[in-house]
Each structure stands twice: as structure tokens, then as C-alpha cells.
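We use all heavy atoms of the structure for the numbers below, so side chains are in, but hydrogens, waters and symmetry mates are not. Just so it is clear, the model here is predicted, and its values are computed rather than measured. Chain A is the first sequence line, chain B the second, and so forth, proteins listed ahead of strands; every chain is numbered from 1.
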Amino acid sequence: MSKAAERLSSKLKKAFSKEIGSPETFRGEVTLPLLDSTRITEICAHAKHELGYDYLVDISSVDHYGEDPRFEVVYELYGYEHLCYLRLATRIAEADAEVPTVTSVWKTADWHEREIYDMMGIRFTGHPDLRRILMWEGYPYYPLRKDFPLAGKATELPEVAFSKEAPLEGGPFVTTPGSGSRQHGEPRSKSVSS
Amino acid sequence: MAEVKDIEIKDTGGSAAQAISAASQSEELSDLQGEKLTLNMGPSHPSTHGVLRIVLELDGEVITKADPDVGYLHRGDEKIAENMTYTQFIPYTDRLDYLAPLANNVAYSLAVEKLMGIDQALPPRCQYIRVICCELARISAHLLGLGAFAMDVGAMTVFLHTFTEREKIYNLIESLTGARFTTTYTRIGGLARDLPPNWVEECERFLEGVLVNFDETERLLTRNKIFVDRTKDVGVLPLEVAIDYGVTGPNLRASGSNHDLRKTHPYLVYDQLEFDVPVGSVGDCYDRYLVRIEEMRQSVKMIRQCFKDLPDGPISIPDGKTVLPPKEKVLTSMEELIHQFILVTQGVDAPKGQIYFGAENPKGELGFFINSKGGGSPHRLKIRAPSFVNLSALPYLLKGSMMSDTVAILGSIDFVMGESDR
């Protein structure tokens, strides 16, 4: 199975040799890094029509806070004919967090892209209806960014519910992630009153 | 000057008068067609099974546009996951598809195990029990889905019938996991506890009864004229549209695809089990009902095979660095104490990398995308919720159908908002 996936991914790489970096394989899954995010629509259309990736499983986004191209958009493709997965990953800088939409290739991209826009603040150019989907219209922040605190932020909208910070910042039983000292990450190191 | 012209036309007598009245009529008609009614459905409506809101644009009784509004149950599960260890997130997966918490537990644990590269090392007994859990959860979820669907289109009795059986499943789950609803049964690399004594026999008794219940449900619905009239050729989802919208699970198979992750990418011991994948032909609400009924029968078949082949042995990977050691050893020996301490405070040590794992859940493909930077908590955990994606096909399904078919279509899609909104 993974051999067929590698063969297909090398076909895609051959067609777009300039835009696609060297493939990475981890746990039997192939990831193709896209160096030029502006051509994502073209590459996806090629993958769908020429290579049979007719099903877009998911679009995810990752916030590599503190690294230079801050955001990463990850496309998970699948083909019902050849039963192979393929992952396309592209990094984009924070300054112009914009990627062309792939809604013209797969309709299912519509809601996935709206969700990423809602949660991470990455804009999809050419999207027919780029509105917030999980948060309410007019919410000012992007909650899945790493610099958004877990307890939430107070908003300037007094009439909207849940605009105050959560009462227990960080949560009393929540382990703080990161590579810092474990002593400070442990739940017991948190004072509930603060 | 127009008045003069009118007089000239009068020469032709009655036909002109007819023409004028026809013109005014068509004007009236176009007036009526131009006036669309916007109707708000939900977020609190019995057929939305939770908190889905749909803004419908109606032309008379025909829906011309539907705009689903999700997010009323958004709890930020993905954000929460980034802030805790992998094991601590398992209880949150109960609350995704809260009609099949066991299946979510299994899918999430398998995703983390794939990231750690230990998914092939799971002991056989653990794999068999996990399959039993998944299939029990599937029966439970489909029973609810079908019962609620039938009730939406007017058959109240079915709901009571299926709920009686669900109650028995909950009793079984309670004796297995200690909780009826929020099971949290799996652990990274194993299970929380082994099957209780006599559980297999009780479950086999239940399976016998539930097969009778399926027959009764079928007798109530499959040839019921009212049910067939309300579901047949309603909400037709052609296969290519279903694939385009990323629809998965029973909804996709009702449209004619035989894609089932348990067959095409078998995880656990699904490759050793014998079962059929029911496939629909039209992709209407009726097909979606038939597919679910048959899937439950196949689940019963699978559980029985699992009971037959259920091996003895450990239920968790015997590795202190991934799975908590037994409590009595923690209190008596040094190494286990250290393992326990590290696992509880820091969690498992996952490598760097990105993985995606999809499992065939009752609602469709439940996928977890994990971006790990190493350590005990995920850097990013994306949940690919099948209900969320299936709901995105609603604007297509509802457009052009009658207002009263909305509840039938919603019921046949069988979605859960806890999963959709995360």
C-alpha cells in the first residue's frame, strides 16, 4: 500500500518539480512539502484529475509559534480507486497568512477552510463564503493560535455571552505543555486563586 | 400617448382584454415567486438532534436555499488537547460523538499509538476487546439514529423499541467500564480493565435479543407505506456528489460506494473477521436506513466471531514507559513507582512527526491528525469529525426538497453536534 502511495507522490512531484520539495515518510505516510503555496489549487486539481485523489479527507492547520513561516496548512488526500493517502503540507508566513482556496477542486474544502479561518485566522483567497463557522460572527480573536490563552480573552463585546475570561485560568488539572521545567508544568504547581 | 394606443388595441375586442388580464396575472405570479420566506430552524428543534441551526429560504413549500449554522456546542476540544497529556485527553473523546463514546476512545488511542509506532504491538486480547467495543458502540449509535429518524417521520413506536435495546447495551457498558455514558475505557497502549466475569455470556444473550429487535424494527418500517413514502427518493445524494462533499460512513455507502475503512485499511483485527459491507443503490433516505439496519446485523456477526476467537493474555502492552503499571506493583517496587510517576506527570514520550489516523466510526470516518513536537502532549490535534463533514452536504441535499422532508433528511444523515462542533 505504501509503495503505491510513494509512486503516486513521485508522479505528482515530477509534474511540479519546482513547487514540491523532497517527500518525507513517517509511519508509512507520505508528506509532500509544497514550497510555493500560491499554486496549491493547480497542484490539487492535478492530484484529483490526473492521479485520482478524488476525496479530500481533511484540511488542518498548525501554528508553529516562534518559527519563521509561522503557519502550516496540511491537506490530507485520498483516492477511492487506488486507496492511497497523500499529505500535502505548505508553510505560510504570518504577515500574509493567505492561501488560495481549493473549493473549486473539492466542495468539502468549503467548511474545512472556513474552520481554519475561524480558528487560526488564515485567509483563503477566492473562497466563495469565508465566514466564521464555529465561533460567532464578529468574534475578534483566533482561538487556536498558540498566543491565545487557554482561559480565553475578554472581548470588547459586552452583550455577547462568554466574553469574560474563564474563572480558573489554565484549569486546575491541566498540565502545561512545552519543554520547560516539568515542575512548573505540573497541575499542582498552579495556584487556583491566581 | 400610451392611452391612445390602448384604444387602438380595443379593436380586436376580447383577446386584448385577455392579454391584459394574463399580463397582470403573470405579474402577480412573479410577485409571489419573488417573495421568499426565510425560516429559522433550530438551534433548539426536536429534529436537529442537538443544537443545529438551519436558515431556510422557502418558496412556498420548496426550499430554495439552506444555510446550516454549526458551532453552538463548540467547546474548544482541540485547544484543550494541546494543553494536556495524551492520556488526559481520552475523557474528552467521550464527548465527541457522545452516542458512541467507546468507538471514539478506540479511534483516539489508535491514533496516538500510531504516532508512537506501537499500534502493531498491541496484545491480541486488547485488539479483540477493542473491536467488540467498537461494534457495540456502532449498534448503540445506529439504534438511536434509526429510532430518532423513525420518530422524526412519525413512527413513535420504533423509538421505544430501539431504546429498550440501547438500555441493555448501556448496562453492558456499565459493567465493562464503570460508566454508562462517559466510558474512557481505553488507554494509550491498552485498556483500563479486562472483561468482567460472565460479561461474555451476558453480551451473547443480549446479541440474541437484539437480532429479534432488528427484525421487529424492520417489520415496523421496511414495508411500512407511510415510512417508505416519506423516505424513498427523498434527499437523494448521488455518489460523485457524496465524494465531492467528503461524506463518509453509512451515508456514503448508501450512495453506492463500498468503501469501509475496516475493509480497505483494516486496523485492530478487522482483517481476520468475516463481514459484509452493505451498499445502497439510490442514496436516498430509505437506502441510508437500510444500510444502517444491515450494518448492525454485521456488527452482531463480528462480535460473535470475536467472542469465539477471544484469546487470553494481557490487555496492555507490557511496557512501563507507555502503560501505567499495575497498582500493587507501584506500591511495592521501585521501577514501577518511577514509571507511574513519570507517566502521570509527563505522559508518554511521543516522537516528533505528523500522523493521520482514520477509523470507521458509526457516523463515518473519525480522523485524528496529530502534529507532535515530541513529549507528552500534542502540539496540534485536529479532529476530523464525520458529522461536521456530512453536515456540509446539507445545502445540496435540502435545496429543492419540500419543507416537510427536512426532518426526514436530517434524521437519515444521523449527525451528532458534539462531534460536529467539538
Go through B:Asp67, B:Asp69, B:Val247 and name the one with the most non-hydrogen pairs under 4.5 angstrom from chain A. B:Asp67
If you count heavy-atom pairs under 4.5 Å with chain B, which of A:Ala89, A:Pro143, A:Gly28, A:Ala109 comes out on top? A:Pro143
Where on B:Leu73 is there a heavy atom nearer than 4.5 Å to chain A: the side chain, the backbone, both, or neither? neither
Using only heavy-atom distances, determine whether the side chains of B:Glu365 and A:Tyr78 contain a donor-acceptor pair under 3.5 Å. no
Part of A:Asp118 lying under 4.5 Å from any heavy atom of chain B: neither
Quick check on B:Tyr245 against chain A: is it the side chain, the backbone, both or neither that has a heavy atom closer than 4.5 Å? both
Let's test your reading of the structure: which of A:Thr31, A:Val57, A:Ile59, A:Leu56 forms the most heavy-atom pairs below 4.5 Å with chain B? A:Val57
A quick test of your reading: do over 12 heavy atoms of other residues, nucleotides or ligands sit less than 6.0 Å from CZ of A:Arg7? no
Side chain from CB out, backbone as N, CA, C, O: work out which of these in B:Asn390 comes under 4.5 Å of a heavy atom of chain A, or both, or neither. neither
I want to check something: taking the side chain as every heavy atom from C-beta on, are B:Arg384 and A:Glu76 in contact at a cut-off of under 4.5 Å? no
Between B:Gly376, B:Pro68, B:Ala393, which has the largest tally of heavy atom pairs under 4.5 Å with chain A? B:Pro68
In terms of heavy-atom contacts, A:Tyr55 and B:Gly246 come closest through CE1-CA, 3.8 Å
Non-hydrogen atoms of B:Arg380 and A:Met120 that approach each other most closely: NE-CE, 3.7 Å
What do you reckon, are the aromatic ring centroids of B:His265 and A:Tyr85 less than 6.0 Å apart? yes
Would you indicate whether the side-chain heavy atoms of A:Thr108 and B:Asp244 approach each other to under 4.5 Å? no
Okay, B:Leu261 and chain A: the region with an atom under 4.5 Å from a heavy atom over there is side chain
Select one option (side chain, backbone, both, neither) describing which atoms of A:Val105 are under 4.5 Å from chain B's heavy atoms. backbone
So which heavy atom on B:His379 is nearest to which on A:Asp63, and how close? CE1-O, 3.1 Å
Shortest non-hydrogen pair, A:Asp54 vs B:Ile243, comes out as O-CG2, 3.3 Å
Within this structure, what is the CD-CZ distance for the pair A:Glu29 and B:Phe357, rounded to the nearest 0.5 Å? 10.0 Å
Do B:Lys382 and A:Ser61 have side-chain heavy atoms sitting under 4.5 Å apart? no
Identify which part of B:Val389 has an atom lying under 4.5 Å from any heavy atom of chain A, answering side chain, backbone, both or neither. side chain
Run the salt bridge (Lys or Arg N to Asp or Glu O under 4.0 Å) test on A:Glu67 and B:Lys373 for me, step by step, so that the C-alpha distance in whole Å, both residues' side-chain angles and the decisive distance to 0.1 Å come before the verdict. CA-CA 13 Å; A:Glu67 292 174 27; B:Lys373 300 217 161 183; 2.6 Å; yes
Please look at B:Val241 and chain A and tell me whether the side chain, the backbone, both or neither of the residue comes under 4.5 angstrom of a heavy atom of that chain. neither
How many angstroms lie between CD in A:Glu115 and OG in B:Ser392, if you round to the nearest 0.5 Å? 11.5 Å
Heavy-atom pair count under 4.5 Å with chain B, highest-scoring of A:Lys146, A:His112, A:Met119, A:Met135: A:Lys146
Evaluate the side-chain proximity of A:Phe26 to B:Pro351: yes if any heavy-atom separation is below 4.5 Å, no if none is. yes
Check each atom of A:Arg87 against the heavy atoms of chain B and say whether the ones under 4.5 Å are side chain, backbone, both or neither. side chain
Flag yes if more than 12 heavy atoms outside A:Glu81 fall under 6.0 Å of its CD atom; otherwise flag no. no
Residue from B:Leu115, B:Thr248, B:Asp119 scoring the most non-hydrogen pairs under 4.5 Å with chain A is B:Leu115
Flag the pair A:Val62 / B:Phe369 as yes when at least one side-chain heavy-atom distance between them is below 4.5 Å, and no otherwise. yes
May I ask you to name which of B:Lys79, B:Lys114, B:Glu78 has the most heavy-atom pairs under 4.5 Å with chain A? B:Lys79
May I ask you to check whether over 12 heavy atoms, not counting those of A:Arg27, lie within 6.0 Å of atom CZ? yes
Kindly indicate, with the supporting measurements, whether the criterion side-chain contact (heavy atoms from CB on, under 4.5 Å) is fulfilled by B:Tyr356 and A:Val74. CA-CA 11 Å; B:Tyr356 172 84; A:Val74 184; over 6 Å; no
At a 4.5 Å cut-off on heavy atoms, which part of B:Phe388 comes close to chain A: side chain, backbone, both, or neither? both
Tell me, for B:Asp421 versus chain A, whether the close heavy atoms (under 4.5 Å) come from the side chain, the backbone, both or neither. both
Select one option (side chain, backbone, both, neither) describing which atoms of A:Glu24 are under 4.5 Å from chain B's heavy atoms. neither
Quick one: what part of B:Leu252 sits under 4.5 Å from any heavy atom of chain A, side chain, backbone, both or neither? side chain
